[in-house]
Asks: 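One structure coming up, written as structure tokens, with questions to follow.
Owing to the predicted nature of the structure, the values given are computational and were not obtained by experimental measurement. Proteins come first, then strands; the chains are lettered A, B, ... in the order of their sequence lines, and each starts at number 1.
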Amino acid sequence: MMNLQIAQLLRKMAAAYLILNENRFKIIAYERAADSIEHLTSEVKDLWDDGKLDQIPGVGEAITKHLNDLFSTGKVRHFDEIMKKVPQAIFPLLLVPGIGPKKAYTLVKELKIKDDEDDVIAEIEFCAKTHQIAPIEGFGEKSEIDILEAIATYKKGQIKENRMELPVADAIAQDVILHLKKLASVEAVDILGSLRRQVATIGDIDIAVVTRKPAEVIEHFITFPHQRLIEQGPTGASLLLHNGRQVDLRIQKPDSYGAMLQYFTGSKNHNIKLRSYGLTLGKSLNEHGIKDVKTGSIRSFHTEEAFYRGLGLPWIPPELREDKGEVEASVVGKLPKLVEVGDIKGDLHLHSNYDLKPSHDLGADPLEVYLDKASALEYEYIGLSDHNPKISGQTSQQIVDIMKRRKEFYESHPRARDRQVKIFVMCEVDIRPDGKLALPEVAFEYVDAIIVAIHSNFTQPRKEMTKRVVAALSAHPKVRIFGHPTGRLLTKREGVELDWDKIFTICKERDIALEINAHPMRLDLPDTIVFDAVRENIKLCINTDSHAAQFMDLMRYGVSVARRGWCEKSDIVNTMEYTEFKKWLLK
DNA sequence: GCCGTTTTCGGCCCGACTGTTTTCAGTCG
């Protein structure tokens, strides 16, 4: 059973307990454990194998015992007992927006929906159409209409289950911002929520506005083209756009804007932790300001910095706000000084259009275009990391010759002695299924350094995959970077299973850097593993993997991943100036 | 059910919106 399924199981339990009127904190505890497991970097099963379940936040004695049951017998007896007490027909209904456990239970009970009903949602839809729902206590005519609307949206698949990549979310947010800015009473607009925190994929878009005329701004906002107005109130509104994406707007007056920014940026868990901390100081936090619990007086804050200062804390960068220890660190003044885009001195993973009969895509631009772009970005160096030549249909000797000619080409290039931007002749080499590298040993003479990466057989079991990667990382001293380590493609392909402790060990032994691939489809290493790597003092290298020079601008997404992983400048090798970096790369 | 700079017991973030209600429950973020 994978983490997502375990999280779903725990959420089902939370829903069941809610219906059974269990202690509400027990329900919160189950939901918290589910959240925690869903966002884990390693498989719960692997942690269980290693006897490390107690490392999962929110998982205590009781849930550990249930997970023990699950992994040793395939089921949890206690859960099965509880599940017998609630109708199973409620669970499909929880997928319909606006229907939670309580409503689902009432509907199933009152409408006598059987557990073996094939399509519970269709059955409820029929009941709504035939006006069987309005008479139920707690429901009414409007509920019937709302349920039909929600089911229609659900059935059309208009609510996108899959999340957006960052540039897609950025584009939508910019459209909405442009629309809002047409109104003179909009004094400032900010992107908040997960997009501001630069989470790898985005669900909803959250936008905040400062204004002295809230009603006018909200009326204007809902004229943005949409398929459904989800809700509207005096402090905000939510729209479902034609592309299936939701945009939430929140409004605040200038003098309380700081509290609003903080509240609406999240994450939920960061806010919970911050509010708990506030309570220890006798302060209760909300989106309007900080309330003194004793006197009931509320202080408001114009800026977010002032809001945090109101708690005696330094401002916490949005990328850190995931309840990974940032509140505790800020209390003792130990927040990291995060790496910035301006710290980056070079991009080492670039694909040029030099045709070396590569195993994968050739780049689109020649060396000089990359050099010009690097120069514009004020880089000191770049690495040409074309894919290795195909190994099928070519002899080793042919490959060696290609690599030799390529090196000569770059070295004799008119721009080879570029004054500003230095060149490293590198290569991105496939890690073959058996852990061997897809480049003949002799050819290593014609490169400065190697990025190794997985491009095939992504589904090997964890043990085998780990062995494969460790072999590749140990294959040759010129192996310096492990490229897009998990191989994930966001919203499309899961990353590979690796024993990260072992990977970290070999990286440390050989001083190899893990790549943070900045391509918005990859963002690989994932930030959660970057966080673990930083704690183990593993070096990282942020690259764009550009197949055309224009994509070198995507570096900022990689830097965001690094920041979310608590990286300081010193954790990132390509923040080193040229001489120092050269020493590291060619050691 | 979880957790600890106030605690191994006694707390547990906070509020908006909606519909069905005459003061609140459910859902959501």
Asks: Need to verify one output field. Residue with the more 5' nearest nucleotide on DNA chain B, A:A29 or A:Q246?
Replies: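 The 5'-side residue here is A:A29.
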Asks: How long is the gap from NE2 on A:H270 to CZ on A:R321, to the nearest 0.5 Å?
Replies: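 Atom-to-atom, A:H270:NE2 and A:R321:CZ are 5.5 Å apart.
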Asks: Contact class for A:I27 vs. all strands (heavy atom < 4.0 Å): base, sugar-phosphate, or nothing?
Replies: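 No contact at all - A:I27 keeps every heavy atom at 4.0 Å or more from the nucleic acid.
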Asks: In whole angstrom, give me the gap between the P atoms of B:dG10 and B:dG15.
Replies: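 Looking at atom P only, B:dG10 and B:dG15 are 26 Å apart.
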Asks: B:dT20 and B:dT27: how far apart are their C1' atoms, nearest whole angstrom?
Replies: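 About 14 Å, rounded to a whole number of Å.
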Asks: Which value, rounded to the nearest 0.5 Å, describes the distance between A:D571 atom CG and A:I516 atom CD1?
Replies: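 Answer rounded to 0.5 Å: 9.0 Å.
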Asks: Taking any atom closer than 4.0 angstrom to a non-hydrogen atom of chain A, what span of DNA chain B does the protein reach, first nucleotide to last?
Replies: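 Extent of the interface on DNA chain B: B:dG1 to B:dG29.
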Asks: Under 4.0 angstrom, heavy atoms only, what part of the nucleic acid is A:N271 near: base, sugar-phosphate, or nothing?
Replies: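 It contacts nothing in the nucleic acid.
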Asks: Determine the contact category for A:V331: base if any of its heavy atoms lies under 4.0 Å from a base atom, sugar-phosphate if only primed atoms, P, OP1 or OP2 are that close, otherwise nothing.
Replies: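 Touches nothing.
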Asks: Does atom NZ (A:K213) have a neighbourhood of more than 12 heavy atoms from anything else shown, all under 6.0 Å?
Replies: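 Counting neighbours around NZ of A:K213, 12 or fewer heavy atoms of other residues, nucleotides or ligands fall under 6.0 Å, so no.
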Asks: Dot-bracket, DNA chain B: Watson-Crick or G-U, under 3.5 angstrom, [ ] crossing, | other strand?
Replies: ((((....)))).((((((....))))))
Asks: Using the C1' atom in both, what is the distance from B:dC28 to B:dT22, to the nearest Å?
Replies: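 These two C1' atoms come out 25 Å apart once rounded.
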Asks: Using the P atom on both, measure B:dT5 against B:dC13 and round to a whole Å.
Replies: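 Result for the P pair: 16 Å, nearest Å.
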Asks: Between B:dC9 and B:dA16, how far is it from one P atom to the other, in whole Å?
Replies: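 B:dC9 and B:dA16 have their P atoms separated by 37 Å.
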Asks: Using a heavy-atom cut-off of 4.0 Å across all strands, would you classify A:I63 as base, sugar-phosphate, or nothing?
Replies: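 Sugar-phosphate, backbone atoms only, no base.
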Asks: If you draw a 6.0 Å radius around CD in A:E141, do more than 12 non-hydrogen atoms from other residues or ligands fall strictly inside?
Replies: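 Atom CD in A:E141 is not packed in, count stays at 12 or less.
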Asks: Counting the atoms with a prime plus P, OP1 and OP2 as sugar-phosphate, which does A:Q232 contact under 4.0 Å by heavy atoms, base, sugar-phosphate, or nothing?
Replies: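 It contacts sugar-phosphate atoms only.
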Asks: Rounded to the nearest 0.5 Å, what's the gap from CD1 on A:I177 to CD1 on A:I191? Could you check?
Replies: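 A:I177 atom CD1 to A:I191 atom CD1 measures 4.0 Å (nearest 0.5 Å).
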Asks: Given the P atoms of B:dC12 and B:dC17, what is the spacing between them in whole Å?
Replies: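 Between the two P atoms, the distance is 25 Å.
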Asks: Give one of base, sugar-phosphate or nothing for A:Y263, where a contact means two heavy atoms less than 4.0 Å apart.
Replies: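 Base: the residue A:Y263, judged by heavy atoms under 4.0 Å, touches a nucleobase.
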Asks: Above 12 or not: heavy atoms from other molecules or residues under 6.0 Å from CZ of A:R275?
Replies: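 For A:R275, atom CZ is crowded (more than 12 foreign heavy atoms under 6.0 Å).
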Asks: Would you call A:D80-A:R77 a salt bridge at under 4.0 Å N-O?
Replies: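 No.
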Asks: Kindly check if the number of other-residue, nucleotide or ligand heavy atoms within 6.0 Å of NE2 (A:H179) is above 12?
Replies: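 Yes, NE2 of A:H179 has more than 12 neighbouring heavy atoms, counting only those of other groups under 6.0 Å.
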Asks: Name the nucleic acid region contacted by A:D146, choosing base, sugar-phosphate or nothing; use a 4.0 angstrom heavy-atom cut-off, strictly under.
Replies: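 Counting heavy atoms under 4.0 Å across all strands, the contact made by A:D146 is with sugar-phosphate only.
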Asks: When you check the gap from the basic side-chain N to the acidic O, do A:D527 and A:R563 get nearer than 4.0 Å?
Replies: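 A:R563 and A:D527: not salt-bridged.
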Asks: Contact class for A:E141 vs. all strands (heavy atom < 4.0 Å): base, sugar-phosphate, or nothing?
Replies: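 If one applies the 4.0 Å heavy-atom cut-off, A:E141 turns out to touch the sugar-phosphate alone, with no base involved.
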Asks: When rounded to the nearest Å, what value does the distance between C1' atoms of B:dT23 and B:dT18 take?
Replies: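 Between the two C1' atoms, the distance is 15 Å.
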Asks: Describe the nucleic acid contact of A:L274 in one word from base, sugar-phosphate, nothing, applying a heavy-atom distance below 4.0 Å.
Replies: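 Counting heavy atoms under 4.0 Å across all strands, no contact is made by A:L274.
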Asks: Judged by each residue's nearest nucleotide on DNA chain B, which is more toward the 5′ side, A:G138 or A:G100?
Replies: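 Its nearest nucleotide being more 5', the pick is A:G138.
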Asks: Should the heavy atoms of other residues, nucleotides or ligands under 6.0 Å from CD of A:E494 be counted, would the total exceed 12?
Replies: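 Open.
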